[in-house]
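Notes follow once the structure below has been shown.
Quick note: numbers below take in every heavy atom, side chains included, and nothing from hydrogens, waters or symmetry partners. Note on naming: letters A, B, ... go to the chains in the order of the sequence lines (proteins, then strands), and numbering restarts at 1 for each one.
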Protein chains: 2
Amino acid sequence: MLFTHMVELESHDLSELLKATSDPTRRIILTLLAQHGPLRVTQIATHFDMSLNSVSKHIKMLERAGLVLRRTEWREHLIEIQMDRLKLVDRWFEDLRSIWALRLEALDNLITKETANDTDNN
Amino acid sequence: MLFTHMVELESHDLSELLKATSDPTRRIILTLLAQHGPLRVTQIATHFDMSLNSVSKHIKMLERAGLVLRRTEWREHLIEIQMDRLKLVDRWFEDLRSIWALRLEALDNLITKETANDTDNN
DNA sequence: CTATCAATCAACCAATTGGATGAATGATAT
DNA sequence: ATATCATTCATCCAATTGGTTGATTGATAG
């Protein structure tokens, strides 16, 4: 069956991903990482008017969503963005658009057919 | 300045959009609407093992996020998906990828230059 | 007028979230 | 041994969320 994977397969991962990106602070963190490459937690925290702990928690959420990878080198934790992970969201959006397009297409076919019938009847 | 709109412009809208799509029930509702076109609240509710009220609340969230439009005709509320709204998310993803690509490019240039210097020194 | 139907509103509950603070861990530097 | 640094863990708090049930609105049908 087409589009089956949308319904429940990957659903939990997708929810985590979308929830993780739905917070402005976390989106800024992702932007920083895309701009500057891997950063330490404290480096990231300097960009916010917020306790280090809160930033740490945000990073942990990004980590759980797989949007970020932690390479613990020495005492420092290097946080690295995982761009590939975004594809999962992309795919869901594409699927939704496909479903939508399919319906419009069917609708269009129906109208064309009816118009043909109309001309038959005239 | 490039990419300015990412940081805070549209940020609230984007957060609402992403939060709205981060719930599996709401994603299924969107899929139903893409598949079948505009539906009434009760029609949507039949697909879930959940009170009508809960479904109603989910729809209201989708509405607040602009992902869905309500056309109140007679006593019935026709709920219609707004596919255009997804573009806002698309754009943020594209922006993030551009930022990422720009950094990689700069990094690549740097390496090429250093390699050139190395051959100069040999 | 009354029963029914579509949908919302209001209140409640448990779980999660985004923030704070203070203590703890673990490694390096003096 | 002690001080410092990077980070997390443990609590706490107010706000939000996803769900429930019961009452309400507003229109239609008998």
Side-chain angles (χ1 to χ4, degrees), chain A residues 7-8 11-33 36-80, chain B residues 8 11-33 36-81:
Chain A
V7 186
E8 268 312 314
S11 176
H12 181 261
D13 277 11
L14 198 50
S15 297
E16 289 297 310
L17 265 168
L18 289 165
K19 203 167 19 172
T21 49
S22 77
D23 181 89
T25 303
R26 288 193 289 265
R27 281 199 306 275
I28 295 177
I29 293 178
L30 289 177
T31 310
L32 286 171
L33 291 170
H36 302 115
L39 293 173
R40 282 180 295 125
V41 179
T42 20
Q43 287 180 310
I44 295 173
T46 59
H47 291 84
F48 299 95
D49 189 24
M50 187 190 300
S51 79
L52 176 65
N53 276 6
S54 297
V55 176
S56 173
K57 276 214 283 184
H58 278 302
I59 292 174
K60 219 172 305 167
M61 282 198 176
L62 290 171
E63 203 183 358
R64 265 209 311 271
L67 278 167
V68 130
L69 200 104
R70 188 188 301 261
R71 286 187 290 133
T72 308
E73 294 185 8
W74 313 292
R75 64 173 160 176
E76 298 172 358
H77 297 203
L78 269 192
I79 310 298
E80 191 176 16
Chain B
E8 268 312 314
S11 177
H12 181 261
D13 277 11
L14 198 49
S15 296
E16 290 298 309
L17 265 169
L18 289 165
K19 204 169 13 170
T21 49
S22 78
D23 182 89
T25 304
R26 287 193 289 265
R27 281 200 304 276
I28 295 177
I29 293 178
L30 289 177
T31 310
L32 286 171
L33 291 170
H36 303 114
L39 293 173
R40 281 181 297 125
V41 179
T42 21
Q43 286 178 312
I44 295 173
T46 58
H47 291 85
F48 298 95
D49 189 23
M50 186 189 304
S51 77
L52 177 65
N53 276 6
S54 297
V55 176
S56 171
K57 280 215 279 185
H58 279 300
I59 293 175
K60 221 171 304 168
M61 282 197 175
L62 290 171
E63 204 183 359
R64 265 209 309 274
L67 278 166
V68 129
L69 199 104
R70 187 187 302 261
R71 285 187 291 133
T72 309
E73 293 185 8
W74 315 291
R75 63 173 161 178
E76 298 172 359
H77 297 204
L78 270 191
I79 311 297
E80 191 176 18
I81 195 169

Item to check | Euclidean distance, atom CG of residue B:D49 to atom P of D:dG18 [Å, nearest integer] | outcome: 18 Å
Checklist entry - Under 4.5 Å between any side-chain heavy atoms of B:S22 and A:S22, yes or no? => result no
Next on the checklist: For a quick test of reading the model: is some side-chain N or O of B:S54 closer than 4.0 Å to OP1 or OP2 of D:dG18?
Outcome noted: no
Next on the checklist: For C:dT8 and B:R70 - does any side-chain N or O of the residue sit under 4.0 Å from the phosphate oxygens OP1/OP2?
Outcome noted: yes
Checklist entry - Counting just side-chain N and O atoms, does B:S56 come under 4.0 Å of either OP1 or OP2 of C:dT8? => result yes
Next on the checklist: In this structure, how many angstroms lie between the P atom of C:dC5 and the CG atom of B:N53, rounded?
Outcome noted: 17 Å
Any protein N or O atoms within reach of nucleotides 4-6 of chain D? Criterion: under 3.5 Å, listing atom names and distances.
from, atom 1, to, atom 2, distance (Å)
D:dC5, O2, A:R75, NH1, 3.4

Item to check | Closest-nucleotide 5' rank along DNA chain C - winner of B:Q43 and A:R26 | outcome: B:Q43
Checklist outcome for this item: For B:A20 and B:M61, the nearest pair of non-hydrogen atoms, with its separation, is CB-O, 4.4 Å
Checklist entry - Which pair of heavy atoms, one from A:I59 and one from A:I79, lies closest together, and at what distance? => result CG2-CD1, 3.8 Å
Checklist outcome for this item: In whole angstroms, the gap separating C1' of D:dT16 from CD of B:E16 amounts to 11 Å
Checklist entry - What are the two closest non-hydrogen atoms of A:E80 and A:P38, and how far apart are they? => result CG-CG, 3.7 Å
Next on the checklist: What is the separation between atom NE2 on A:H58 and atom C1' on C:dG18, rounded to the nearest whole Å?
Outcome noted: 6 Å
Next on the checklist: I need the NE2-P distance between A:H12 and C:dT16, as an integer number of Å.
Outcome noted: 11 Å
Next on the checklist: Regarding B:K57, tell me which of base, sugar-phosphate or nothing describes its non-hydrogen contacts under 4.0 Å with the strands shown.
Outcome noted: base
Next on the checklist: Less than 4.5 Å apart, side chain to side chain, heavy atoms only: is that true for B:I44 and B:L33?
Outcome noted: yes
Checklist entry - Any idea which of C:dT21, C:dC9, D:dT17 is nearest the B:K60 side chain? => result C:dC9
Checklist entry - Atom NZ of A:K19 and atom P of C:dA15: how far apart are they, to the nearest Å? => result 15 Å
Next on the checklist: Between B:L78 and B:R40, is there a side-chain heavy-atom distance shorter than 4.5 Å?
Outcome noted: yes
Item to check | Rounded interatomic separation in angstrom, taking CZ from B:R64 and P from C:dT8 | outcome: 13 Å
Checklist entry - Tell me: CD1 of B:I44 to P of C:dA7, nearest whole Å? => result 9 Å
Checklist outcome for this item: For A:L17 and A:L67 the tightest heavy-atom approach is CD2-CG, 3.5 Å
